[in-house]
Structures are given as C-alpha cells and as structure tokens.
Amino acid sequence: MIALDQESIGLLQKVQNQKSPAVYAPQAGDLVGFQVQAEKLLFLRDVGFIELAFEPSRESKSGHQYIDCVAVRNITPRGNRALAEGK
C-alpha cells in the first residue's frame with residue numbers, strides 16, 4: 001500500500017464525493033501556493049488513484065510554467081480501495 005499524507009487523503013475523499021468532473025485551481029490567485037495541491041493531484045493520478053479529464057494546464061506568463069488548473073474526472077477502484085484500507 002502507498003502511504004498517503006493527510007492532505008492527499010483529503011483530496012482523494014473530495015474526489016470520491018464529487019458528482020461530476022471538478023476543476024481544481026488556485027484560490028485568491030495564489031498560483032505558487034497551489035503547486036503543492038496540484039503536485040499531490042498529479043501524484044494521485046500517477047499511482048492510479050484518480051483519473052484526470054485532461055492534462056493539467058500550465059500558465060506561461062511568469063516563465064515558471066506553474067500548473068494553474070487540474071481537471072479531475074473521478075476516483076478509480078484502486079483509489080476507493082486505498083481509502084477503504086486507510087480507515
């Protein structure tokens with residue numbers, strides 16, 4: 001089993017509860033702060049716990065190529081198992 005931190009578990013639970021694809025983006029324009037959440041979502045995708053609706057969007061204004069939008073389609077059966085095993 002893959003060890004998840006509390007924030008990753010919270011994101012996975014949020015995805016599990018969503019009724020349709022959801023877009024995750026910076027709150028109050030905090031693009032730099034959003035990178036932590038974006039990277040956790042990409043990790044959850046990479047380990048097969050969630051599916052994205054499309055590849056993450058990256059901004060081009062700052063020159064840093066920060067992720068500015070992640071569209072999550074749903075949780076996978078593997079993600080559901082990970083949540084069930086973690087309880």
Side-chain angles (χ1 to χ4, degrees):
M1 170 146 170
I2 297 171
L4 298 174
D5 63 13
Q6 288 299 81
E7 187 174 353
S8 296
I9 291 169
L11 282 170
L12 201 52
Q13 289 170 332
K14 192 172 181 180
V15 171
Q16 184 182 47
N17 293 329
Q18 72 190 33
K19 302 291 185 223
S20 60
V23 175
Y24 294 81
Q27 295 182 353
D30 184 13
L31 192 58
V32 175
F34 176 66
Q35 299 313 293
V36 173
Q37 183 180 43
E39 291 297 331
K40 288 181 186 294
L41 287 165
L42 295 182
F43 171 77
L44 292 172
R45 183 232 13 219
D46 291 346
V47 296
F49 289 175
I50 64 173
E51 293 179 347
L52 300 185
F54 49 83
E55 284 301 306
S57 170
R58 294 185 181 269
E59 61 83 35
S60 59
K61 292 179 184 176
S62 72
H64 294 287
Q65 294 292 303
Y66 290 127
I67 297 168
D68 63 0
C69 173
V70 180
V72 178
R73 178 175 294 138
N74 61 358
I75 190 168
T76 64
R78 184 174 184 192
N80 280 322
R81 279 193 307 277
L83 280 179
E85 290 172 4
K87 292 182 179 177

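Side-chain contact check for Tyr24 versus Phe34: some heavy-atom pair is nearer than 4.5 Å. Side-chain atoms of Phe49 and Val15, non-hydrogen and from C-beta on, never get closer than 4.5 Å to each other. Side-chain contact between Leu41 and Ile67 is absent, with no heavy atoms from C-beta onward closer than 4.5 Å. Considering only heavy atoms from C-beta on, Gln37 stays 4.5 Å or farther from Lys40 through its side chain.
In this structure a side-chain-to-backbone donor-acceptor pair under 3.5 Å is present from Gln18 to Val72. Checking side-chain atoms of Glu59 against main-chain N and O of Tyr66 turns up a donor-acceptor pair under 3.5 Å. Side-chain atoms of Asp30 never come within 3.5 Å of backbone atoms of Pro26 as a donor-acceptor pair (strictly under, hydrogens ignored).
A 6.0 Å sphere centred on CD of Gln65 holds more than 12 heavy atoms belonging to other residues, nucleotides or ligands.
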Review point. When you look at Arg45 and Glu55, which way does the salt bridge (charged side-chain N to carboxylate O under 4.0 Å, His left out) test go after all the steps?
Key: CA-CA 11 Å; Arg45 183 232 13 219; Glu55 284 301 306; 3.3 Å; yes
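To the nearest 0.5 angstrom, Ile9 atom CD1 is 12.0 Å from Gln16 atom CD. Distance CG/Leu4 to CG/Leu83: 8.0 Å, rounded to 0.5 Å.
One hydrophobic cluster, built from ILVMFWY side chains closer than 4.5 Å, cannot hold both Val32 and Val70; they sit in different ones. No continuous path of hydrophobic side-chain contacts links Leu42 to Leu31 [ILVMFWY only; heavy atoms under 4.5 Å].
Residues Val36 and Glu7 share a closest heavy-atom pair of CG1-OE1, 4.1 Å.
Shown are Leu11, Thr76, Leu12; of these, the side-chain contact (heavy atoms from CB on, under 4.5 Å) with Ile50 is made only by Leu12.
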